Number of protein chains: 2
Amino acid sequence: MISSIAELISDRIDAMPAGERRAAQTLIANYPLTGLKTVAEFSAAAGVSSPTILRFVARLGFQNYPEFQSALQDELAAQLQSPASRTLNPSSAGGAVSPMLEATLDNMRETFRHLTDKQLADIAARLAERRGKTFLIGGRFTDPLARYMAAHLALIQPEVYHLAGQESIWRDRLIDMGKRDVLVIFDIRRYQESLVRFAEKAHQRGVQIILFTDQWLSPIARFARHVIAGRTAVPSAWDSSAALFVVAETLIAAVTRQLEAAGAKRIRDLESLR
Amino acid sequence: MISSIAELISDRIDAMPAGERRAAQTLIANYPLTGLKTVAEFSAAAGVSSPTILRFVARLGFQNYPEFQSALQDELAAQLQSPASRTLNPSSAGGAVSPMLEATLDNMRETFRHLTDKQLADIAARLAERRGKTFLIGGRFTDPLARYMAAHLALIQPEVYHLAGQESIWRDRLIDMGKRDVLVIFDIRRYQESLVRFAEKAHQRGVQIILFTDQWLSPIARFARHVIAGRTAVPSAWDSSAALFVVAETLIAAVTRQLEAAGAKRIRDLESLR
DNA sequence: CAAAATACGTAACATAAGATACAGCGTCCC
DNA sequence: GGGACGCTGTATCTTATGTTACGTATTTTG
């Protein structure tokens, strides 16, 4: 079975006329980049004319050039999203312990790869500054993450609230929210209508929203000041929230550290209690 | 020094108006693929208009959109050619983030290294067999994990209950528990007296206890039929429950798979609902 | 060696892409 | 509360990209 376009090419390259073969070789030489450029650039790189490129693409079975490019992009997306870390991963040598674990580790690496220190520091700073209140809420499966984060944050600073229960209950809490407040929302597919509505209203009131979502971005991203996009794909019937969980823990640690550095009295009191 | 466009973006994202920030977040969320598509596709993905995308690109310092795309392609080319550079990305290269991530990944590997496939399979089988009820409970910080697991298990099988609220409330639930039932407890340092008492009483009633704890083992291990010891040490003021979280997800996946294999009617019904 | 078939490039075309002008709107500041 | 500023989207325009038609060159085959 032929999975990648590169395979497809090397499979048919022998049956190609000279010009198209040059196109094929040029593409393979630095795959897949040349194929993402324009026909004119591709043809120049291969030293052939534009129609030759188009005929080459047609021979591969694509209707037109954009379709060919989309296929390349999809392939690239798949590559970038599940890094080939299987090769450079020490634990994978141990056998089929758990594909689940491997996927989860990949997800975490990939999630953090798209997350800069600065982003995390900014979000931590926003959570640490005590100008307003902090609210946390999550969807059906992610609400426990909101609870987990709330449990920690509530300990190191005042005015941290987890929004639980029915929609009507948290909707009424909107009255307490304003520009100085922060709302942390967890929402992964399938995105919850009620959360989107809630986020929109909070946004209208000027609340700063920090969104934890998956790589396809919840519609709440529209209203969010900060967006954390975690990878969720695992070999399971369910999506994995593990990557988001680790980001949450990382943020908790960062906030704690910032407050410690700021010499917050509460932290000292807390330490004396421990 | 700013080397990659991703860095450039996260550096300036704060100085951007809302619409352009959405563009930035969308691009970062699955970088750099969105930037290689057309302006129209990009704008649709970000939920903004085409001009906003162009203004976003202009703000980054590019003269026009093609120039921006070329820059992305060059960056991609460099990445693809030296695979090593993919591992040492901006976020993991240095800074305060990566020690946390590294420790967490190590914890997971180590946790699963001490966990055999058979153990996991046994526990999953125990959870999947529908002879009695399943109860879940956790400590101060780990109760969200119990909730998370309960939210999934309750969907794929009946009679799954998360024990919430005050101690007196769950103590009264002991009446409903018997030999055929399973109790999943999450308890890491500092171990909670109330949980230990509860576990002991449940054990006396013949309840099968599955314990999620840390490597120093909660005293509840005395009463537990199955013990999962996760690594919790991270460079933070708090312990990490991430490894336990991943084990929980793994078990959820395994139980789901077993029930699917057993052809449970509920699973089929569930799938028709999705 | 000649004729046919195929391959290839030039040039004109149509389409879709990126760029721009402008008006509406919200926001901030005085 | 009013005015100025800045942001955003709609509609229009321009550019350049992909596509096609056709003639020439090249190879293949009888």
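On a predicted model such as this, the values are computed, not experimentally measured, just so you know. So you know, we letter chains A, B, ... as the sequences are listed, proteins then strands, and number each from 1.
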Please tabulate, one pair per line, all N/O donor-acceptor pairs under 3.5 Å involving side-chain atoms of residues 44-60 of chain A, not counting sequence neighbours.
from, atom 1, to, atom 2, distance (Å)
A/Ser49, OG, A/Thr52, OG1, 3.2
A/Arg59, NE, A/Glu20, OE1, 2.5
A/Arg59, NH2, A/Glu20, OE1, 3.3
A/Arg59, NH2, A/Glu20, OE2, 3.1

Using distance only, find each side-chain donor-acceptor pair of residues 218-227 of chain A under 3.5 Å and give its atom names and separation, not counting sequence neighbours.
from, atom 1, to, atom 2, distance (Å)
A/Ser218, OG, A/Asp187, OD2, 2.8
A/Ser218, OG, A/Ile220, N, 3.0
A/Arg225, NH2, B/Asp14, OD1, 3.1

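Between B/Phe245 and A/Phe245, the ring-plane angle classifies as parallel under the 30° and 60° cut-offs.
Looking at heavy atoms from C-beta onward, A/Leu183 lies out of side-chain contact with A/Gln208 at the 4.5 angstrom threshold.
Regarding A/Arg21, its CZ atom lies at a distance of 11 Å from the P atom of C/dA7, rounded to whole Å.
Remark: B/Ser43 pairs with no residue by the side-chain hydrogen bond (donor to acceptor under 3.5 Å, both in side chains) rule, at least two apart or across chains.
Screening residues 196-209 of chain A for salt bridge (charged side-chain N to carboxylate O under 4.0 Å, His left out), with sequence neighbours left out, gives A/Glu167-A/Arg197, A/Glu193-A/Arg197.
With A/Phe198 as the aromatic partner, A/Arg171 does not meet the cation-pi criteria of under 6.0 angstrom to the ring centre and within 45 degrees of the ring axis.
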For nucleotides 16-27 of chain C, read 5' to 3', which letter fits each nucleotide if B means a protein heavy atom sits under 4.0 Å from the base, S means only the sugar-phosphate is that close, and - means neither?
-> -SSBB-------

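Bounding nucleotides for the chain B contact on DNA chain D, 5' to 3', at a heavy-atom distance below 4.0 Å, are D/dC7 to D/dT10.
With salt bridges taken as basic N to acidic carboxylate O contacts below 4.0 Å, none links A/Asp122 and A/Arg126.
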